[in-house]
> 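Take a look at the following structure, please.
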Amino acid sequence: NAGVTQTPKFQVLKTGQSMTLQCAQDMNHNSMYWYRQDPGMGLRLIYYSASEGTTDKGEVPNGYNVSRLNKREFSLRLESAAPSQTSVYFCASKQGTYNSPLHFGNGTRLTVT
Amino acid sequence: GENVEQHPSTLSVQEGDSAVIKCTYSDSASNYFPWYKQELGKGPQLIIDIRSNVGEKKDQRIAVTLNKTAKHFSLHITETQPEDSAVYFCAALTPNTGNQFYFGTGTSLTVIP
């Protein structure tokens, strides 16, 4: 009963390096999301994918790209990491019905030095 | 877009007492309000939710109330236990923004044994 799985759990990057955060869900959900969590700022939406083949920008998309690889997988890429991207990143998924909750993974803690 | 405010940011209660966390939202079209509990090092987990056609919902020691006129909703935890200690987030879903959730900034609840 895995739910939403994120890898890696921890990552340290130097400024300018690139990396991809992986997310997979086994609940057959249509929608998938990437959030970042910073102290005192709650959860802010980076990108989301309402269904396979579509992606849309959220509140804070600058510096990120996403790929909805298939229905199960949604990856987040940092092309040139900056210290301002130091954060905890959460992937989430949701059923297609409107009034249904998000299911979150356990996060990736990213530090950019 | 929607703006969700959450108070208080920190809350300490004695074991057995009640805890109340309040959120307000700005968009009158918002119609789904989940509450999440986040334990240290983990992702947020849904604990209760309420839809706009309902004024109150209860699940054992947890209840949520919604006042659509005033645009606020509250989480009530009765007979608190040490394992209730965590960060709690409220959220609102607005049809105007597709499937986007807007989160409050969180309340760190400490239950003192």
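Every chain is numbered from 1 and lettered A, B, ... according to where its sequence line falls, protein lines coming before strand lines.
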> If the contact rule is any heavy atom under 4.5 Å from chain B, which residues of residues 31-40 of chain A qualify, in numerical order?
Ser31(A), Tyr33(A), Tyr35(A), Gln37(A), Gly40(A)

> Where on Leu43(A) is there a heavy atom nearer than 4.5 Å to chain B: the side chain, the backbone, both, or neither?
both

> Nearest 0.5 Å, what's the CD-CZ distance between Gln38(B) and Phe90(A)?
4.5 Å

> Any idea which heavy atoms bring Phe104(A) and Gln45(B) closest together, and the distance?
O-NE2, 4.2 Å

> Between Leu46(B), Asp49(B), Val87(B), Asn31(B), who has the most heavy-atom pairs with chain A when the cutoff is under 4.5 Å?
Asn31(B)

> Do Tyr88(B) and Val64(B) sit in the same hydrophobic cluster, where Ile, Leu, Val, Met, Phe, Trp and Tyr count as joined when their side-chain heavy atoms come under 4.5 Å apart?
yes

> Decide yes or no for Leu102(A) and Phe101(B): does some side-chain heavy atom of the first lie under 4.5 Å from some side-chain heavy atom of the second?
yes

> Against chain A, label Tyr36(B) side chain, backbone, both or neither, depending on which of its atoms sit under 4.5 Å from a heavy atom there.
side chain

> Just wondering, more than 12 heavy atoms not from Arg44(A) lying within 6.0 Å of its CZ?
yes

> Honestly curious: do Val60(A) and Met19(A) fall in one hydrophobic cluster under the side-chain, below-4.5 Å linking rule?
yes

> Consider only side-chain heavy atoms of I, L, V, M, F, W and Y, link residues closer than 4.5 Å, and tell whether Leu93(B) and Phe73(B) are in one cluster.
no

> According to a 4.5 Å side-chain heavy-atom criterion applied to Ile, Leu, Val, Met, Phe, Trp and Tyr, with indirect links allowed, do Ile50(B) and Phe89(B) form part of one hydrophobic cluster?
no

> Is there a path of hydrophobic side-chain contacts, each under 4.5 Å between heavy atoms of I/L/V/M/F/W/Y residues, joining Val20(B) to Ile77(B)?
no

> In this structure, are over 12 heavy atoms from other groups packed under 6.0 Å from Glu79(A) atom CD?
yes

> Heavy-atom count check: over 12 atoms from other residues, nucleotides or ligands less than 6.0 Å from Lys71(A) NZ?
yes

> Using modelled atom types only, decide if a donor and an acceptor are shared between the side chain of Asn106(A) and the backbone of Gly43(B) within a distance under 3.5 Å.
yes

> Tell me whether Glu83(B) at atom CD has more than 12 heavy atoms from other residues, nucleotides or ligands lying less than 6.0 Å away.
yes

> Using a 4.5 Å cut-off on heavy atoms from C-beta on, say whether the side chain of Phe103(B) contacts that of Met41(A).
no

> Using a 4.5 Å heavy-atom cutoff, which residues in residues 4-15 of chain A come close to chain B?
none

